[in-house]
There are 2 protein chains.
Amino acid sequence: MRDLSIGELSRRTKVKVPTVRYYEDVGLMPAPPRSEGKQRRYDADAVSRLNFIRHARELGFEVNAIRELLDLSADRYRPCEEIDAIASRHLSDVTRRIAQLQMLEKELQRMVQQCGHGSVEDCRVIETLNDHAHCSPNAHPIGLSPRDRAGSP
Amino acid sequence: MRDLSIGELSRRTKVKVPTVRYYEDVGLMPAPPRSEGKQRRYDADAVSRLNFIRHARELGFEVNAIRELLDLSADRYRPCEEIDAIASRHLSDVTRRIAQLQMLEKELQRMVQQCGHGSVEDCRVIETLNDHAHCSPNAHPIGLSPRDRAGSP
DNA sequence: ACTACAATCTCTAGTGACTATAGGTGCAAG
DNA sequence: CTTGCACCTATAGTCACTAGAGATTGTAGT
């Protein structure tokens with residue numbers, strides 16, 4: 001399992017080639033040794049590390065958080081409080097986000113259900129959007145993440 | 001209600017000044033007339049339109065979708081099927097997103113709960129992240145949207 | 001009319017986590 | 001030895017803003 005090309009690494013970890021190079025740029029992956037022709041050569045450790053990164057990304061950890069997790073996990077005898085804290089913080093972010101999206105979902109459902117499929121003149125969707133005194137004043141639950149398009153490329 | 005400065009418009013709609021200019025750049029807001037000194041001057045229509053945009057963004061519609069909604073709603077006698085379709089598509093995006101995040105939430109909860117607060121050596125969080133054969137193979141539920149930080153600025 | 005000072009102007013660059021493209025080089029098989 | 005894919009670097013684009021620099025305008029008080 002020695003001297004994998006970046007393409008082989010990509011196939012084994014399901015992380016795309018440009019993404020691997022990107023992870024190197026931002027310091028998640030160390031710069032690997034090169035072949036005589038300056039191509040990257042990876043070993044089994046790189047495969048493990050990249051799998052760790054991929055899995056953490058799938059769980060929604062940000063790159064900065066993953067960097068911390070990798071740094072913290074390097075020392076096997078360190079107490080895992082800090083690791084736990086990162087994971088817990090992320091969990092509560094996700095929970096909060098779900099709550100926001102559920103409020104959105106309710107409002108969108110109301111909007112769509114009330115639409116009588118007539119003309120724009122009396123469309124509930126447009127009316128709702130025009131009526132700017134509508135929901136809780138402090139919530140700002142905007143946006144789907146950009147990554148949501150494309151289920152599998 | 002005539003000749004509002006961009007700052008006044010901003011105060012009335014709760015949309016920040018640079019954001020108003022951004023909406024003009026990307027064609028959501030029409031370029032308004034200018035004062036002698038080339039400062040933007042807005043009228044009541046601008047206030048309505050910007051409120052519409054703000055509300056749509058709060059509901060998570062993308063700028064492109066809002067552009068469509070605005071175009072479609074310009075014709076009062078058009079049947080509102082297309083508008084309905086945009087809203088429904090967005091609703092199903094939100095619903096799907098919630099489902100993804102809930103799966104994430106479950107896995108994160110498992111991870112955090114199982115952590116015995118010992119050392120990194122036997123930390124469940126790290127173990128889970130290292131174990132790359134774990135969850136459904138097709139799901140890619142990555143990421144919180146960037147807008148999620150900052151509840152109210 | 002003059003002076004402060006806030007508000008506005010344009011333009012550029014940065015955010016996060018990639019993805020896409022262009023134009024060039026390396027490497028292995030036939 | 002040549003074909004052709006894999007690889008290289010570097011740059012720009014995505015989305016919806018946000019932040020900053022540096023210049024100009026509007027306005028309130030004197």
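Not measured: the values here are computed from a predicted model. Throughout, a chain's letter reflects where its sequence line sits, starting with A, and its residues are numbered from 1.
- Remark on DNA chain C: of its neighbouring residues A/Gly37 and B/Ile6, the 5'-side contact belongs to B/Ile6, judged by nearest-heavy-atom nucleotide.
- For the pair A/Tyr42 OH and D/dC7 P, the interatomic distance rounds to 10 Å; values are reported in whole Å.
- Using a 4.0 Å cut-off, no side-chain N or O of A/Arg21 falls inside it from OP1 or OP2 of D/dT11.
- The side chain of A/Val63 lies closest to C/dC18, out of C/dT10, C/dC18, D/dC7.
- A straight line from CZ of A/Arg41 to C1' of C/dA28 spans 11 Å, rounded to a whole angstrom.
- Distance, A/Glu8 CD to D/dC5 P: 18 Å, rounded to whole Å.
- Mapping B/Asn64 and B/Lys38 onto DNA chain D via the closest heavy atom, the residue that lands nearer the 5' end is B/Asn64.
- Between A/Met103 and A/Glu107 there is no side-chain heavy-atom pair separated by less than 4.5 Å.
- The distance from atom CG of A/Asp3 to atom P of D/dA6 is 19 Å, rounded to the nearest whole Å.
- Residues A/Ile53 and A/Val15 form no side-chain contact, since every pair of their non-hydrogen atoms from C-beta on lies 4.5 Å or further apart.
- Closest to the B/Arg40 side chain, of the nucleotides D/dG26, D/dT18, C/dC9, is C/dC9.
- The interatomic distance linking A/Glu36 (CD) with D/dC8 (P) rounds to 15 Å, in whole Å.
- Rounded to an integer number of Å, the gap from CZ of A/Arg57 to C1' of C/dA17 is 6 Å.
- Looking at heavy-atom distances under 4.0 Å, A/Arg11 makes no contact with the nucleic acid at all.
- Of all nucleotides listed (C/dT19, C/dC27, D/dC8), C/dC27 comes nearest to the side chain of A/Ser35.
- B/His90 and B/Gly60 get closest at one heavy-atom pair: CE1-O, 3.0 Å.
- Protein atom CE of A/Met29 is 13 Å distant from nucleotide atom P of C/dC18, rounded to whole Å.
- More than 12 non-hydrogen atoms from other residues, nucleotides or ligands lie less than 6.0 angstrom from CD of A/Glu121.
- What separates CD of B/Gln39 from P of D/dT27 is a distance of 8 Å, to the nearest Å.
- Here D/dC17 is the nucleotide among D/dT18, C/dT10, D/dC17 with the atom lying nearest to any side-chain atom of B/Tyr23.
- For B/Thr19, whose side chain is taken as the heavy atoms from C-beta onward, the closest listed nucleotide among D/dT18, D/dC7, C/dT19 is D/dT18.
- When distances are taken from the side chain of B/Lys16 to each of C/dT8, D/dT18, C/dA17, the shortest belongs to D/dT18.
- The pair B/Arg21-B/Glu24 fails the salt-bridge criterion, with no side-chain N (NZ, NE, NH1 or NH2) lying under 4.0 Å from an Asp/Glu carboxylate O.
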